[in-house]
Amino acid sequence: MTINHIRKSLLGAALSCIAFVSIGSNVSAAPHVDKDGFIQYWTILEPISVNGLNKSAVRAAVEREYFPAQLSVLPKDGDKVTIAGNEHIWHAASTDQYNINLYFFSEAYKKPTSNVLFWCVTIIDCPQEMKNVRLAIGSNAASVWWVNGQEVIGIYNDRQTVIDDGVSKRITLKKGRNIIRGAVINAGGATDFCARILDANDQPLKTFTVQVPAK
Amino acid sequence: MVKIHNAPAVNYRGAKQLSLVLGVMALGSMAAQHAFALEGAIEIHDPSTLAECDGKYYTYGTGGTALVSEDGWVWSRSQTPSRRGMAPDIIKLGDRYFQYVSANVGGQPRAEINLITNKTLDPESPDFEWVEEGLIASSDGEEFCNAIDPGLFLDPTDGRLWMVYGSYFGFIRLVELDPKTGQRVDPNGKPYEIAINCEASIMIYHDSWYYLLATHGSCCQGANSGYNIRVGRSKKVTGPFIDHVGIDMLQGGGKLFMGSGGRIVGPGHFGLIDLGDGVQRFSCHYEADLDRGGASVIDILPLQWDDGWPVAGENFKEGTYRIESVRTGTALELAVEGSPVGGGRRRGGGGGMFGGSGGVIPDQQASDVSANWPEGEVDVGMANYMCQAQQKWTFTPVADAGGYFGSPFFKITVAGTDRTLAVGPDAELVALPAFTGAPEQLWQVDQLDDGTWRIMPKAIPGTNERMALSGIGGSFATLSKYDPDSVKHRWLLKTP
């Protein structure tokens, strides 16, 4: 099943600007980075119920442990965790747009879209060490982000996804595998995110590949 | 490299006025009263275009006044050149400085402009020696010209060197000089006549236009001096120079560039200062600085451009502002949790959903909301401006910390607090609990050609590279090498 089907059935073909998202076994092949450097492949956990978008509420939400190793796990499509007695499944998801539409993702699995937290993980493979680069994200709504386990971005309150809204301080990406992890919290309505890496001159970096974890 | 272009000189209308000018220039001890005029010994009349020599900036004025500065902010006296006269102008060509000095011979309008050269402007240098190079232009007292107030112009399009000169009596003339020798290309040739009955003329080039700036009105009468700077433009260096309503400067035309205002009267003697990267300033003098007892002083101001015309900007003024990114539209803030102005309010209260709470909601002060702000160093971010205390920044000039062209360095603090904007590790922004005076806490605020602002720290720990505040994300600002073509380095400083 793809989000494309959901989009057409729910909103009609006129909303062609809405991001397509392919999920589960339909994720697209590499390279998973578009012409502007946006990362188009993620593994996303079915949403967790939370409440509040201001800084203190978001901090409390992301600092709570929902499942073991939640800041280090590398989930594969179909992996499951149990949170408050409920089973949540990780799903591979890709997009042919700059962003991942979490609203359609959630609708596809008949999950709520309001007052929810989405955990999102991707792995990028760098051909060499990259210094003075930055993670740059946009999210609807609040979100917190980690690179290789280090928190690098937190943006709070209700907001639309704007490209390069949240930008990290200068970081170094290792040669080889680097883990990018996000927690996106939505209160109501549309929800999505986008993410890319900027080089030392604030230009999109595209010289890395996105790994798809083996099942 | 600072490119200093060449400007004009003024003239007086007789011996009485000269005495008056020299008299007011003696009032140097009043300079300390000023927060936003240049510091130090800045009394001068008819200052030349600034000339850079070994990292210092020099200007020369009427009566042999010579000033020097290491940063463009604090000025002191330098050595009077070998030839003193009226309204000199100076330009560096090759490895020499060419100073053109005018003087009346007998009574006006009989006058001469002579050239002196030097390998250095530093009187302490063993190479310091002014050399007389002879007469360059003159007026015989009969012709309709008063050969004073030279202004040099090196045409960036072809490298040809020109000198304009003249004053309130008759034509402003233009002659071509040899850029190797500083002498007239054709000593017997007829000068071009490009304006009339004005003074302190100088030419600059911008975006395919030649601009002739000249000073109208009278000088040398303190606060009764009507000096004001006017401008016309031409597609050719030889004119005609036409103003914004189509009047030729040969017929008295000229668009107002800068007049009196505030606490200053009688600006004159434009001199271009090109700081590179699209940042331009200009020097001028005021006939009367009312805060200095009406003394004539030099000043340096931003030069902006609007629809093809130069506009005199204003140096940044202390106060409390929101710092809004032109790129993102979001505002710099202390990265703390904000509180709504007036406190949280649920819809459907006593006044209904849109009825408000009644009464006046006062401005939010830091003291109202800062109890939960973290102690110590705090990150700096950006956010949609919501009139909240952590989004208001106070700019305060710092005494005895030096400055730059036209302005002192500022400290920038969250309004009502000591929390200080600074550069932290890895050239990222941080708010410190208090200002200590360290160079990474001092900020240079330059107005750019479109009226927006560039904000730069005096220094960045661990590097000699100069960087500017950069709004690269809607929620994030950093420091990076200034790019004049990017809006990320352009900021609006608005009333909070």
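In what follows, chains are A, B, ... by sequence order, proteins preceding strands, each numbered from 1. This structure is a prediction, so every number in the text was calculated from the model and none was measured.
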Q) Using a distance-only test with no angle check, is there a side-chain donor-acceptor pair under 3.5 angstrom linking A:Arg196 and A:Gln40? A) no
Q) Is it the side chain or the backbone of A:Asn132 that comes within 4.5 Å of chain B heavy atoms, both, or neither? A) neither
Q: Please check if the side chain of B:Gln441 supplies one atom and the backbone of B:Thr436 the other of a donor-acceptor pair under 3.5 Å.
A: yes
Q: Tell me yes or no: between the side chains of B:Trp305 and B:Gln280, is some donor less than 3.5 Å from an acceptor?
A: yes
Q) Could A:Lys174 and A:Glu129 be called an ion pair, given the rule that one side-chain N must be under 4.0 Å from one carboxylate O? A) no
(Q) Between B:Asp368 and B:Gln365 (side chain of the first, backbone of the second, donor and acceptor by atom type, cut-off under 3.5 Å), is there such a pair? (A) yes
Q.
Between A:Arg59 and chain B, with a heavy-atom cut-off of 4.5 Å, which part of the residue counts as in contact: side chain, backbone, both or neither?
A. neither
**Q.** Qualifying residue, where the test is side-chain contact (heavy atoms from CB on, under 4.5 Å) with A:Leu173 and the options are A:Ile180, A:Leu135, A:Asn178
**A.** A:Asn178
Q.
Please check: side-chain N/O of A:Asn99 versus main-chain N/O of A:Asn101, any donor-acceptor pairing under 3.5 Å?
A. no
Q. Checking heavy atoms, do the side chain of B:Asn384, its backbone, both or neither come under 4.5 Å from chain A?
A. neither
**Q.** chain A contact via B:Lys488 - side chain, backbone, both or neither, heavy atoms under 4.5 Å
**A.** side chain
Q) Tell me, side chain or backbone of B:Ala427 under 4.5 Å from chain A's heavy atoms, or both, or neither? A) both
**Q.** Exam field: side chain A:Thr122 to backbone A:Cys120, donor-acceptor pair closer than 3.5 Å
**A.** no
Q. Side chain, backbone, both or neither: which part of B:Thr328 has an atom under 4.5 Å from a heavy atom of chain A?
A. neither
Q: Enumerate by number any residue of residues 181-190 of chain A whose heavy atoms lie under 4.5 Å from heavy atoms of chain B; in the absence of such residues, state 'none'.
A: none
Q) For B:Arg490, which of B:Asp446, B:Asp277, B:Asp449, B:Asp483 qualifies under salt bridge (Lys or Arg N to Asp or Glu O under 4.0 Å)? A) B:Asp449
